[in-house]
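Atoms considered below: every heavy atom in the structure, side chains included; atoms not considered: hydrogens, waters and symmetry mates. Order of listing sets the numbers, starting from 1, for every ligand and every atom in it.
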Amino acid sequence: MKKTKTIVLISGKGSNLLNIINNVNSGFINMEILMVISNNFKANGLDIAKNHDIPTLTIENNDEFEKKLSGVIDDNAIDLVVLAGFMKILPENITKKYDGMILNIHPSLLPKHKGLNTHRKVIEGRDKFHGASVHYVTSKLDDGPVIIQARYEVDNYDEDLIKKKIHDIEHQIFPIAIKWFVDGNIYKYKNKFTFNNEVLECPIEHILNH
Ligand code: GRF
């Protein structure tokens, strides 16, 4: 079966990138990562890509970003763009042109806590539940249809522990959403999405295995 041609965009540590690579290498996700792109040349994720023989590209200049990114997507006939800890807002021309083919992981139970510092917001609000979401990217920040979410009951408001827990959740749900995309189970449909041709009104809830 034809492999989905994918690029992964990162800005930092790259633990989600590594987890996705591992899921591709294990055969769980039938895709090929053609390139890892960063907006930050110091991103540790670039080393992870190099260690796995995946070509990398750093685009730090804002003025060049849109042209270079769409050049990579078009020249390589990319099917899927994965934002794995990518901390820059994509230009509207990109989100519109590639509507339905960009997935993002966000460290909160969207629509709660869009934007940055989600753990801090959970701590300050003493939220009872926290979690992570995978969603289609649209031109509005963290606003596209949410595909999958997982939640846990917060029993400790230490920020480092929360961060670790959320990473663990992200590593469970992101590969599932990517697999659904790659296998053709999900499609973006207006401001919703379909799962096996059925329009879903709310995200799929993933029950954590620990
Ligand atoms: C993740 O928590 C992601 O949700 C957020 O940034 C973090 C990136 O982590 N947008 P990593 O670089 O994948 O380790």
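- Using cut-offs of 30° and 60° on the angle between ring planes, the pair Tyr152 and His130 is tilted.
- The ligand atoms of ligand 1 that sit less than 4.0 angstrom from a heavy atom of Pro107 are 4 (O).
- The atoms of ligand 1 that sit less than 4.0 Å from any heavy atom of Gly85 are 6 (O), 8 (C), 10 (N).
- Applying the salt bridge (Lys or Arg N to Asp or Glu O under 4.0 Å) test between Asp79 and each of Lys5, Lys2, Lys3 identifies Lys2 as the sole match.
- In this structure, Gln149 and Ile173 have side chains that are not in contact, with every pair of non-hydrogen atoms separated by 4.5 Å or more.
- No side-chain heavy atom of Thr138 sits under 4.5 Å from any side-chain heavy atom of Thr95.
- For Met87, the heavy-atom gap to ligand 1 drops under 4.0 angstrom.
- Scanning the protein for heavy atoms near atom 9 (O) of ligand 1, the closest one is His167 NE2, 3.0 Å.
- Looking at heavy atoms from C-beta onward, Val8 lies out of side-chain contact with Phe86 at the 4.5 angstrom threshold.
- At the top of the distance list for atom 14 (O) of ligand 1, counting protein heavy atoms only, stands Ser15 OG, 2.6 Å.
- Close N/O approach between Gly12 and ligand 1 is not found [any backbone or side-chain N/O within under 3.5 Å].
- Atoms of ligand 1 lying under 4.0 Å from any heavy atom of Lys13, numbered from 1 in the order shown and given with element: 12 (O), 14 (O).
- Ranking the protein heavy atoms by distance from atom 4 (O) of ligand 1 puts Glu170 OE2, 2.5 Å first.
- Defined by atom type and a distance below 3.5 Å, a donor-acceptor pair is missing between the side-chain atoms of Ser11 and Asn40.
- Shown in contact with Gly14 at under 4.0 Å from a heavy atom are these atoms of ligand 1, numbered in order with element: 11 (P), 12 (O), 13 (O), 14 (O).
- Ligand 1 has no N or O atom lying under 3.5 Å from any N or O atom of His106, backbone or side chain.
- Proximity of Lys88 to Leu9: side-chain heavy atoms (C-beta onward) are nowhere separated by under 4.5 Å.
- Under 3.5 Å, the side chains of Tyr189 and Asn197 contain no donor-acceptor pair of N or O atoms.
- The shortest separation from a heavy atom of Ile105 to ligand 1 is under 4.0 Å, placing the residue in contact.
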